[in-house]
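Below is one structure, written out as structure tokens; comments come after it.
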Amino acid sequence: AFDDVDGIIINESAPPPNVQGVAANVALLVGVTQRGPSELTEVGSIGEFHELFGKDSTRGVNKALKNKRFGRLKIARVVASDAALATKAFESSSTARITFSAKQGKGAYGNSITVTIAAGSSSGKKYTIKDTSVGAVLPDEVYDNVVISAITSETFANSKLITAVVNSTAAEPDNAAATALASGSDGTVGNTDYQTAIALAEVENSCNFIFLDEYNDTRNGYLETHAAATQDKMVIMAGAEGDSVSTAITDVADYRDTDGRIMYAYPWVQTNIDGVLVYQSPASWVASILSQTAPHIDPAFTKNTQFLGGITALKVALTRSNYINLKDAGIMAFEYDADVGFKIKSGIVTQIADSSKVTVLRRRMADFLTNSAAKFLKNYQNAVNSKQNRSLVKGAFMSFIDSLERDGILPKDSDVTSGLAKLVDTESLNTDSSIAAGFFKILWRQRNFSSMRYIVLQAEIGESVVVTES
């Protein structure tokens, strides 16, 4: 409508969108905590974790986090199906006036929350809520001059300890000394409770890899099924503490896939928890490395020893022959190198049939690149299928690849001795018929960096060696 009337017309337009790299380091820990929400929850610090999920170091998740760091971390709390929420109704004249419940979920932890009711400073009542659990980190909460008939959903909305339901506004509740909520129970956690928590990660972009606080064959099976069903993340498995090399090799044979999304860590490692040396699953240590490294970095890279400083010993002493057998079986084994410390020997997945899919970095890079591209392509969903738009897509892809090449994440054409390192073709797969049918096909061939898995120093040394120029 530029010519509707004489005047100045501003026709603003934004540049076409660019491909932005998606996160590739989001770890999801599924396990048992003292308390906390049941939905996927990202924690940005150990302090935030303690506020949300508790400081009880006997819980599986707390132990799995000990002595290690994470880049990005989400928690999926496992709650027993028979767990119960702690509650307490406060009365007057034998009638319930207000009921408080533990805000941070079902569990015995709620029984440590106390409520004190006194006369308000000027009206109504004064409610003091306190966390009396060992290692409590949440501060006391005081709500003064609360008139029961004026309580709304906003009155206790900021509480981190309780939720409140008004039962009757006919009278204020009686004053009460510190009274604990009751009937909270942890219940008995079963395998199906882990299955329920793992299923929370079925949403798109939930995480990049999943690990558990405690493992068994059934839970490993849940992870295998989840990886196959979602096709957007990796999973980390582990065996039992006392598994021998032969037992681990037999066990891992049950966890193969075609896409290389399964990692199997071995053996258990020793660390110090609250002054006591204990052995724990190696899966959490693998997750720590992956969450702090870029997708093109092999988890077995020597410099990753910086993330494993909390390990003090391995449960099983392994020989060179053991490592060969473990590698051939698709097991990511830990080793101790006297020169550098504890590290992963081979950064591999359980998939051993396809030689092009055996490394963790190959799977991580493939997910990073395709997920980044898929997110960008949403900008063109149902757009006009014109050559111009197809060219814009190709340009964005090439710009994305160029930026990754500059950052050393992808190889340049100069890194390849014959041919090119990449190809983005937005035309050859598209015919008049396929375009008419609504298809836009993109051919992307991309080389990624390999790691120096086998460094060979070929030396000829001796008194009779003579070097001549040829």
Side-chain angles (χ1 to χ4, degrees), residues 27-36 43 46-47 49-50 53-70 73 75-78 80 107-109 133-135 137 186 188-189 191 193-194 197 209-220 223 236-245 247-248 251 263-292 299 304-318 322 326 331-338 341-345:
L28 171 60
L29 173 52
V30 178
V32 177
T33 63
Q34 182 187 44
R35 61 174 185 262
V43 290
I46 191 63
F49 170 80
H50 286 156
F53 295 98
K55 204 174 180 179
D56 187 346
S57 60
T58 67
R59 307 291 175 142
V61 168
N62 297 64
K63 290 189 288 186
L65 297 179
K66 286 286 187 180
N67 302 328
K68 58 186 73 72
R69 296 177 298 168
F70 290 87
L73 177 67
I75 305 294
R77 183 191 176 200
V78 175
Y109 158 77
S133 63
V134 176
V137 296
D186 292 331
T188 302
V189 173
N191 289 328
D193 299 316
Y194 274 84
F209 36 89
I210 301 178
F211 66 109
L212 310 181
D213 64 340
E214 295 183 4
Y215 287 86
N216 59 34
D217 290 343
T218 301
R219 295 168 192 176
N220 279 336
L223 290 176
I236 308 171
M237 298 181 184
E241 178 179 351
D243 283 357
S244 63
V245 171
T247 300
D251 188 39
M263 294 169 277
Y264 191 104
Y266 178 85
W268 278 43
V269 301
Q270 186 185 74
T271 191
N272 188 313
I273 297 181
D274 295 337
V276 179
L277 291 176
V278 298
Y279 285 99
Q280 65 175 194
S281 165
S284 60
W285 297 92
V286 174
S288 173
I289 290 175
L290 297 181
S291 74
Q292 296 180 87
N304 290 340
T305 55
Q306 64 181 306
F307 306 124
L308 304 178
I311 297 178
T312 55
L314 302 180
K315 180 73 175 181
V316 179
L318 300 172
N322 292 149
L326 290 167
I331 293 177
M332 184 186 297
F334 282 77
E335 69 169 334
Y336 175 71
D337 186 309
F342 292 95
K343 65 180 289 290
I344 292 173
K345 185 71 169 178

Closest heavy-atom pair and its distance - [X], [Y]:
X	Y	result
Met237	Tyr215	CA-CE2, 3.6 Å
Ala238	Asn220	O-ND2, 3.0 Å
Thr312	Leu277	OG1-CD2, 3.9 Å
Ala27	Phe209	CB-CE1, 3.3 Å
Val269	Pro282	CG1-CB, 4.4 Å
Phe334	Leu308	CE2-CD1, 3.9 Å

So does [Y] get a backbone contact from the side chain of [X], meaning a donor-acceptor N/O pair under 3.5 Å?
X	Y	result
Gln292	Arg69	yes
Gln280	Lys63	yes
Trp268	Val316	no
Asn62	Asp56	yes
Asp337	Lys343	no
Arg35	Tyr109	no
Thr271	Gly310	yes
Tyr266	Asp243	yes

Out of curiosity, [X] [atom1] to [Y] [atom2], how far, rounded to the nearest 0.5 Å?
X	Y	atom1	atom2	answer
Leu65	Thr33	CG	OG1	10.5 Å
Glu335	Ile344	CD	CD1	10.0 Å
Asn67	Ile273	CG	CD1	6.5 Å
Leu212	Leu29	CG	CG	8.0 Å
Leu73	Ser288	CG	OG	9.5 Å

Only one of Val61, Val78, Ile75 forms a side-chain contact (heavy atoms from CB on, under 4.5 Å) with Asp213, so which one is it?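 Of the listed residues Val61, Val78, Ile75, the side-chain contact (heavy atoms from CB on, under 4.5 Å) partner of Asp213 is Val61.
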Contact between Asp251 and Asp217 at the side-chain level, heavy atoms closer than 4.5 Å - yes or no?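 They are in side-chain contact.
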Tyr336 vs Ile311 side-chain heavy atoms within contact, under 4.5 Å: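 In short, these two side chains do not touch, never coming nearer than 4.5 Å.
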Passes side chain to side chain contact (heavy atoms under 4.5 Å, CB included), Tyr194 versus Val32? Steps please. CA-CA 9 Å; Tyr194 274 84; Val32 177; 3.8 Å; yes
So which pairs with a foot in residues 268-277 pass salt bridge (charged side-chain N to carboxylate O under 4.0 Å, His left out), sequence neighbours left out?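 Sorted pair list: Lys66-Asp274.
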For the residue pair Phe70 and Phe211, does the interplanar ring angle fall in the parallel (under 30°), tilted (30 to 60°) or perpendicular (over 60°) class?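 Aromatic pair Phe70/Phe211 classed parallel.
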Residue Lys315 excluded, over 12 heavy atoms near NZ under 6.0 Å: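 Atom NZ in Lys315 is crowded, with more than 12 foreign heavy atoms closer than 6.0 Å.
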Show the numbers, then the answer: is there a side chain to side chain contact (heavy atoms under 4.5 Å, CB included) between Leu290 and Met263? CA-CA 12 Å; Leu290 297 181; Met263 294 169 277; 3.6 Å; yes
